[in-house]
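Taking it in order: structure first as structure tokens, then the write-up.
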Amino acid sequence: LEKYGQIKKINKSLQELGGDSQMVEREKDYLSFVINEIESQNLSEDEENDLKEKVHLFSNIEKIMSGANMTANALSSAEQYINQAISSLSTITSFDSSMENLHERLKSQKIELDDITETINEYLENLDFSETEFDKLDARLDTYKSLQKKYGGTTENVLQFLSESKAKLDRLVHSEQYILKLQDEKVSVLKSALDLAKQINNIRQKTAQELQEKLKQNLVYLGMPSATIYFELNNLDYAEDNLTSTGVGGVQIMFNANL
């Protein structure tokens with residue numbers, strides 16, 4: 001019964017809200033500490049992703065600078081060869097106009113190469129590494145890791161834990177109002193659950209009678225005409241204490257071979 005699960009959840013909440021006063025105060029202190037610890041750090045998934053990218057970049061700054069310098073040097077050498085090729089083709093086109101198209105294509109490639117070279121050189125000029133900045137970023141990322149270890153493994157889970165903690169603290173602070181609300185909800189849910197349990201038992205009763213007759217016929221067919229089999233329904237009061245996930249009461253199969 002889905003309603004049975006709801007009732008258990010409501011009872012748990014009522015127990016938490018109406019439990020030992022010292023325990024409630026300790027829980028409020030703990031929740032206040034958690035909320036303050038997480039909120040004070042102003043976490044965001046966007047910032048965490050940005051920190052990871054920057055720390056990863058700074059951690060590999062030597063490889064990046066080496067690669068960028070090698071790229072710039074290679075482009076510089078390539079530019080010299082392309083200039084030579086353009087000059088040579090220019091000479092050829094003065095004698096053979098069929099090479100003019102190739103000459104223009106090479107000049108276009110030279111423009112693209114110049115643009116790439118300029119971009120790489122600007123990248124190198126702007127590639128600035130600060131040990132102080134790196135330590136600052138790494139320390140901030142450690143803050144994320146520390147809170148994730150304590151409250152959920154990911155920033156999303158930490159923020160979800162924060163939201164749940166704030167809601168729980170609010171319930172404890174305003175416990176009287178929540179208790180009344182939960183009690184009203186429980187009355188409604190319990191009534192629905194017990195009504196459903198009655199329906200289930202009516203179905204059990206009808207099904208048991210039908211199945212009992214079929215089983216008796218099967219026993220006669222099997223050469224056991226004196227055997228008896230019947231279903232005994234455990235009828236209990238329709239009350240919360242007798243409610244289970246399968247309704248109220250249960251069924252037992254009673255069999256006697258009478259051999």
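Counting from 1, the numbers follow the sequence of the chain as shown. Quantities reported herein were computed from a predicted structural model and do not represent experimental measurements.
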Surrounding [atom1] of [X] (heavy atoms of other residues, nucleotides or ligands, distance under 6.0 Å), is the total greater than 12?
| X | atom1 | result |
| --- | --- | --- |
| Asp115 | CG | yes |
| Glu62 | CD | no |
| Glu100 | CD | yes |

Nearest 0.5 Å please: distance from the [atom1] atom of [X] over to the [atom2] atom of [Y].
| X | Y | atom1 | atom2 | result |
| --- | --- | --- | --- | --- |
| Ile86 | Tyr81 | CD1 | OH | 15.0 Å |
| Thr154 | Leu147 | OG1 | CG | 12.0 Å |
| Leu215 | Thr228 | CG | OG1 | 12.0 Å |
| Leu194 | Asp237 | CG | CG | 10.5 Å |
| Lys3 | Asp195 | NZ | CG | 10.5 Å |
| Lys136 | Asp138 | NZ | CG | 13.5 Å |

Checking [X] side chain against [Y] main chain: does a donor-acceptor pair fall under 3.5 Å?
| X | Y | value |
| --- | --- | --- |
| Ser163 | Leu159 | no |
| His103 | Met99 | no |
| Ser87 | Asn83 | no |
| Thr93 | Leu89 | yes |
| Ser146 | Asp142 | no |
| Asp50 | Asp46 | no |

Would [X] and [Y] pass as an ion pair if we require N to O under 4.0 Å?
| X | Y | result |
| --- | --- | --- |
| Lys52 | Glu48 | yes |
| Lys166 | Asp170 | no |
| Glu133 | Lys54 | no |

Indicate whether the side chain of [X] and that of [Y] have a donor and an acceptor atom separated by less than 3.5 Å.
| X | Y | value |
| --- | --- | --- |
| Gln160 | Glu164 | yes |
| Gln148 | Thr155 | yes |
| Ser98 | Asp96 | yes |

What heavy-atom pair brings [X] and [Y] nearest, and what distance separates the two atoms?
| X | Y | value |
| --- | --- | --- |
| Gly249 | Arg204 | O-NH1, 3.7 Å |
| Leu182 | Ile10 | O-CG2, 3.7 Å |
| Leu169 | Ser32 | CD2-OG, 3.8 Å |
| Phe161 | Val34 | CE2-CG1, 3.6 Å |
| Ile229 | Gln212 | O-CG, 3.3 Å |
| Val220 | Pro225 | CG2-CA, 4.2 Å |

Can you check side-chain contact (heavy atoms from CB on, under 4.5 Å) on Asn11 and Glu240, steps first, answer last?
CA-CA 11 Å; Asn11 285 339; Glu240 180 183 352; 3.0 Å; yes
For Thr246 and Ile200: C-alpha separation, side-chain torsions, deciding distance, then whether side-chain contact (heavy atoms from CB on, under 4.5 Å) applies.
CA-CA 9 Å; Thr246 58; Ile200 291 173; over 6 Å; no
[X] with [Y], same ILVMFWY side-chain cluster at under 4.5 Å:
| X | Y | value |
| --- | --- | --- |
| Leu127 | Ile116 | no |
| Leu106 | Leu75 | yes |
| Ile203 | Ile253 | no |
| Leu219 | Leu211 | yes |
| Ile61 | Ile120 | no |

Can you classify the ring geometry of Phe58 versus Phe134 as parallel (below 30°), tilted (30 to 60°) or perpendicular (above 60°)?
perpendicular
One pair to check against side-chain contact (heavy atoms from CB on, under 4.5 Å): Gln41 and Val158. What are the steps and the verdict?
CA-CA 11 Å; Gln41 296 304 323; Val158 173; over 6 Å; no
Assess whether side-chain contact (heavy atoms from CB on, under 4.5 Å) is satisfied between Ser108 and Glu104, documenting all intermediate values.
CA-CA 6 Å; Ser108 295; Glu104 292 301 319; 5.5 Å; no
For a 4.5 angstrom cut-off between non-hydrogen side-chain atoms, does Lys186 reach Gln6?
no
